[in-house]
Each structure stands twice: as C-alpha cells, then as structure tokens.
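What follows is a single structure, written as structure tokens, with notes after it.
If you're wondering where the values come from, they're calculated on a predicted model, not measured in any experiment. All values below were derived from every heavy atom in this structure, side-chain atoms included, with hydrogens, water molecules and symmetry-related copies excluded.
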Amino acid sequence: MVESLSLSEKDALTLRNQALLASFARLAEALLSPLGARWLHVQGVARVAVRMSSLLAPDDVWHLIAAAYLHDVGYAPALWHTGFHPVDGALFLRQQGYERLACLVAHHSEARFEAHLRGLEDLLLRFPRERSVVADALTFCDLTTSPLGTRVSLQERAREVTLRYGLDHIVTQALRQALPTKALAIARTRRWLRRHRLDPDQLFTE
C-alpha cells in the first residue's frame, strides 16, 4: 500500500503515475481528436476528475483520471471489435495489462443497459463491475460534461443524446432505461463531495 512506502518510494510512484497519465492523455488525443468533438468531451471529463481527485486515495486518483481520459477510446476505429465503445475500450486496456482500468471503462455510465440491448451482456460481464466512489465519480464526470466539454445537467445530456441519435436508436433506448440508475450514481457522487466540503458546482468553474 502507498501509505507504507518511504517518502522516496512514494515520490517515485507518484512520478510513474503522472507519466502514465500523461501517456494516456496523449493516447486519447491521438485516437479521438480525429473524431469531431469527442476529444473536447474527454478533456472536459478529465478536468472534472482532476478537480475531485484530492478527496481520493492515491490509487483511486490514478484510476479515476486515467478512466476519464480513456473512457471513450473504444470509439476509435483502430480499436473497433464489437462496435460498442465501452467493451472495445475495455478489451484494449485489458490487453495492455490494466485490469481495474478496463473494468471501469467497460461499465462507465451504466453501459450494461446498452450492452443488454446489443446482445453483448455476456461479453461485458467478463469485466467485473466495480461498485465504488470511483465508479460513481466516473459516471458523474461523463454525464455532466457535454460533447464540447462544458457543464450540463443529466437532463440536458439526455436531450442532446436523443436529438443526436433519434428516438428509436438503440443508444436512446438504453439511455431511457438507464436514466434512473445514472441519476442515482450522480446523486451519490454529489453527496460524497458535499460530505468532504466540496461544492459539486465548483468543479466546473474555470
């Protein structure tokens, strides 16, 4: 555990994690910047994750920020396997040896609802679902950040997705089914932030 390391060991671990996060940010930019606004959204998600990271243990900090940068990498054509971005991103990360990160990406923002509609539930379940502050925080960061990287409410995000995909699209159908569960994850994160005397709305100020 980090708490048992000497100061020099902690510093070395911190530097290693910072280097990895920087490499993940570069990877996400390389894969997603050609895809319209996708990279803007990811940068916004990562900004919010960084701003709440002071409340977390070091390993959780690393995983939240890394997942914020990488949660949408499955959209990159180079990583397409199933056509469902949470699973495709998770498969890539598992291949790289990042198991917990793969599981966070696989299940981000209640992906299980869409996986069920796509017939990919069994594949998703190969990635154990983490139920934690970190998993909730990732969903919070994703669903309160617009495609352009700005702050939105869950309701605004849902309207935008519906307009973009249309009422009958599988993404919209899954969203409607998942909205109550998504709202609970956001509410849990907001309560957790307030318990730590951090105003959730302050996460979005420049």
Is there a side-chain contact between [X] and [Y] (heavy atoms, below 4.5 Å)?
X: F92; Y: L27; answer: yes
X: Q177; Y: R112; answer: no
X: S53; Y: I65; answer: yes
X: R118; Y: I170; answer: yes
X: R100; Y: D59; answer: yes
X: C141; Y: M52; answer: yes
X: F140; Y: V48; answer: yes
X: T162; Y: L167; answer: yes

Could you state the interatomic distance from [atom1] ([X]) to [atom2] ([Y]), rounded to the nearest 0.5 Å?
X: L21; Y: H63; atom1: CG; atom2: NE2; result: 10.0 Å
X: L198; Y: L55; atom1: CG; atom2: CG; result: 5.5 Å
X: E110; Y: D142; atom1: CD; atom2: CG; result: 11.0 Å
X: W39; Y: L31; atom1: CH2; atom2: CG; result: 10.0 Å
X: S153; Y: R159; atom1: OG; atom2: CZ; result: 6.0 Å
X: D88; Y: L120; atom1: CG; atom2: CG; result: 8.5 Å

So which heavy atom on [X] is nearest to which on [Y], and how close?
X: A115; Y: L124; value: CB-CD2, 3.7 Å
X: A68; Y: V42; value: O-CG1, 3.7 Å
X: L148; Y: A37; value: CD2-CB, 3.9 Å
X: A178; Y: F113; value: CB-CD1, 3.4 Å
X: P77; Y: L35; value: CD-CD2, 4.1 Å
X: L32; Y: A76; value: CD2-N, 4.4 Å

Let me check something: do [X] and [Y] share a hydrophobic cluster, defined by ILVMFWY side-chain heavy atoms less than 4.5 Å apart, either directly or through other members?
X: V161; Y: Y75; answer: yes
X: V73; Y: V87; answer: no
X: L40; Y: L138; answer: no
X: V152; Y: V45; answer: no
X: V134; Y: L20; answer: yes

Is it the case that more than 12 heavy atoms not belonging to H116 sit under 6.0 Å from its NE2 atom?
->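 Open: at most 12 neighbouring heavy atoms sit under 6.0 Å from NE2 of H116.
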Do other residues, nucleotides or ligands put more than 12 heavy atoms under 6.0 Å from D168 CG?
->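 Not buried by this count: 12 neighbours or fewer within 6.0 Å.
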Angle class for the Y98/W62 ring planes (parallel below 30°, perpendicular above 60°, tilted otherwise)?
->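 Geometry flag for W62 against Y98: tilted rings.
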In terms of side-chain geometry, is the basic nitrogen of R151 or E156 positioned less than 4.0 Å from the acidic oxygen of its partner?
->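 Answer for the salt bridge query: no.
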If you measure from the Lys or Arg side-chain nitrogens to the Asp or Glu carboxylate oxygens, is any gap between D136 and R190 under 4.0 Å?
->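 Judged by the 4.0 Å cut-off on N to carboxylate O distance, D136 and R190 do not form a salt bridge.
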Check the pair H71 / H41 against side-chain contact (heavy atoms from CB on, under 4.5 Å), numbers first and verdict last.
-> CA-CA 11 Å; H71 74 284; H41 166 72; 3.3 Å; yes
side-chain contact (heavy atoms from CB on, under 4.5 Å) between Q155 and R157, worked out = CA-CA 5 Å; Q155 292 72 27; R157 187 90 154 87; over 6 Å; no
Check the pair R164, V171 against side-chain contact (heavy atoms from CB on, under 4.5 Å), reporting the backbone distance first and the verdict last.
-> CA-CA 10 Å; R164 181 158 34 111; V171 171; over 6 Å; no
For R47 and T145, run side-chain contact (heavy atoms from CB on, under 4.5 Å): C-alpha distance rounded to whole Å, both residues' side-chain angles, the deciding distance at 0.1 Å, then the answer.
-> CA-CA 10 Å; R47 277 195 300 272; T145 302; over 6 Å; no
Could you check whether any side-chain N or O of [X] sits under 3.5 Å from a backbone N or O of [Y], counting only pairs where one atom can act as donor and the other as acceptor?
X: H107; Y: F127; answer: yes
X: K182; Y: T139; answer: no
X: T150; Y: S146; answer: no

